[in-house]
Amino acid sequence: MEQIYKPKNGEVISVQQSFLGFVNELLTPALTRTPCVEEDIAEAIGFTGTNNQFNDLMQSIDLDLNLPSTKDLRVMPFDPSNVQTVQKPIEIPEKARKFRCVQTALNITGRIRKNLDTRMRYNKHKYTACPQTDEPDLVPFEEMLIKIRFYEPFKYKTGVRLGHPKFHQEFYVIGSQTLAELRDKIYCPCDAGPFFDLSENPHEPEEKRSPDEANPGFFFIHDTFYNDMRNDDNMDYSDVILKWAERQKCVGELKSKKMEDTKFDQLFFRLGYPQVYQHHGNCEHIFVMSDCRLLTFSDVLTRKRYPILNSYAFPRSIPCNICGHCEANFIVKNSDQHIFDPAYVCQACFESYHYKDGNKIGEFEAFRFLGTKVAVKEDEAEGTSAS
């Protein structure tokens with residue numbers, strides 16, 4: 001596949017080999033354990049003086065104490081969620097304020113300024129709160145931590161891109177976990193499906209998916225399809241792709257494995273190179289491994305907390321195509337009454353525009369629309385906090 005989409009990063013990372021390399025660099029023959037406190041540093045460098053002498057040594061090499069200058073510029077810590085836009089106010093002559101077009105422009109500008117926090121590029125996501133509340137059972141520097149960023153599906157046609165990937169969720173996983181554990185944490189509106197045409201009976205209660213129901217899907221990472229085969233009824237989505245790849249000269253050899261039997265420390269991948277998560281037939285998510293490092297003391301050290309949802313995109317709503325005020329609750333397709341196909345309509349407009357005395361008017365198909373109102377699963381929602 002990399003012959004088609006050329007990677008900018010030429011290095012293929014082996015998580016297991018990277019772990020061994022980090023540990024060998026970290027633990028030298030003179031260092032029998034990882035430094036945790038200053039006393040460990042003294043032991044690591046073979047310091048034989050007193051505690052006061054060691055404190056004097058640490059102060060002499062403290063950059064914050066020895067390098068500051070009154071001429072230094074003040075450096076503020078960068079937090080993407082707190083980015084603010086500073087706009088120079090425009091002086092508007094009093095004579096111009098009497099025109100209605102100027103008054104309208106001022107009203108629009110005022111509304112935009114009130115909503116700047118939701119329009120900023122770096123303000124479209126939330127961070128989750130991950131305090132260390134449980135008893136630690138992970139040892140720092142003895143596990144690999146991988147950051148994985150998922151993006152929302154986007155419309156496309158062969159050779160034509162109709163949209164672009166938008167950030168959806170970022171997870172922290174550790175090397176000893178399986179890919180199936182990550183899949184169980186990923187949220188997608190399609191998980192609430194399957195969605196059926198309810199135009200004949202719009203008040204029909206929703207059918208919730210049974211835990212025992214087939215739920216196939218796969219991760220495609222580097223050159224391997226990792227299929228979810230935990231349910232006997234799950235299909236192997238990659239089978240047809242593998243047969244197609246065998247007939248292509250520009251596609252190299254592809255492999256297939258089970259995600260429930262594969263741990264993250266067994267993976268090979270390129271940092272920043274797009275991989276694919278596919279489920280529910282044709283729902284495809286691009287994701288990337290953005291970082292791969294050793295677990296440290298500042299990370300959550302409780303195994304059961306992983307995979308950790310670190311951040312997720314702000315929920316977005318789509319306004320009704322009829323009234324333009326309420327959020328859409330239904331998708332209407334193949335309608336002989338709408339100028340849009342599909343059309344997004346709210347509950348009130350859907351019932352008043354498509355039904356009379358409870359009877360369906362015209363020809364159309366209707367499907368329930370969830371949007372992205374719920375960005376995280378219920379067990380994650382309690383620990384979220386807006387940053």
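Residues take their numbers from the sequence shown, with the count starting at 1.
For Glu253, there are no salt bridge (charged side-chain N to carboxylate O under 4.0 Å, His left out) partners, not counting sequence neighbours. Considering only residues two or more places apart in sequence or on other chains, Asp261 meets the salt bridge (charged side-chain N to carboxylate O under 4.0 Å, His left out) condition with none of them. Under the side-chain contact (heavy atoms from CB on, under 4.5 Å) criterion, Gln16 pairs with Ser14, sequence neighbours left out. For Asp236, the salt bridge (charged side-chain N to carboxylate O under 4.0 Å, His left out) test picks out no residue, with sequence neighbours left out. Listed by chain and residue number, Phe219, His279, His285 satisfy the ring-ring contact (aromatic ring centres under 6.0 Å, His included) test with Tyr277 (two or more places apart in sequence, or in another chain). Among residues two or more places apart in sequence or in another chain, the side-chain contact (heavy atoms from CB on, under 4.5 Å) test is passed with Asp232 by none. Scanning for ring-ring contact (aromatic ring centres under 6.0 Å, His included) contacts around Phe19 gives an empty result, with sequence neighbours left out. Listed by chain and residue number, Arg303 satisfy the salt bridge (charged side-chain N to carboxylate O under 4.0 Å, His left out) test with Glu143 (two or more places apart in sequence, or in another chain).
Among residues at least two apart or in separate chains, salt bridge (charged side-chain N to carboxylate O under 4.0 Å, His left out) pairs with a member in residues 343-365 are Glu200-Lys360. The salt bridge (charged side-chain N to carboxylate O under 4.0 Å, His left out) analysis of residues 290-299, with sequence neighbours excluded, yields the pairs Asp291-Arg293, Arg293-Asp299.
Residues Phe287 and Ile221 meet the side-chain proximity criterion, which asks for heavy atoms closer than 4.5 Å.
Other members of the hydrophobic cluster containing Phe364, listed by chain and number, are Leu198, Ile322, Phe330, Val332, Val345, Phe350, Tyr353, Tyr355; membership follows side-chain contacts under 4.5 Å among ILVMFWY residues, whether direct or relayed. With side-chain heavy atoms closer than 4.5 Å counting as contact, directly or through intermediates, the hydrophobic cluster containing Ile339 also holds Phe340.
Neither Val276 nor Met229 shares a network with the other; the hydrophobic side chains, linked directly or stepwise wherever heavy atoms of I, L, V, M, F, W or Y lie under 4.5 Å apart, form separate groups for each.
In this structure, Phe297 has its ring center under 6.0 Å from that of Phe141.
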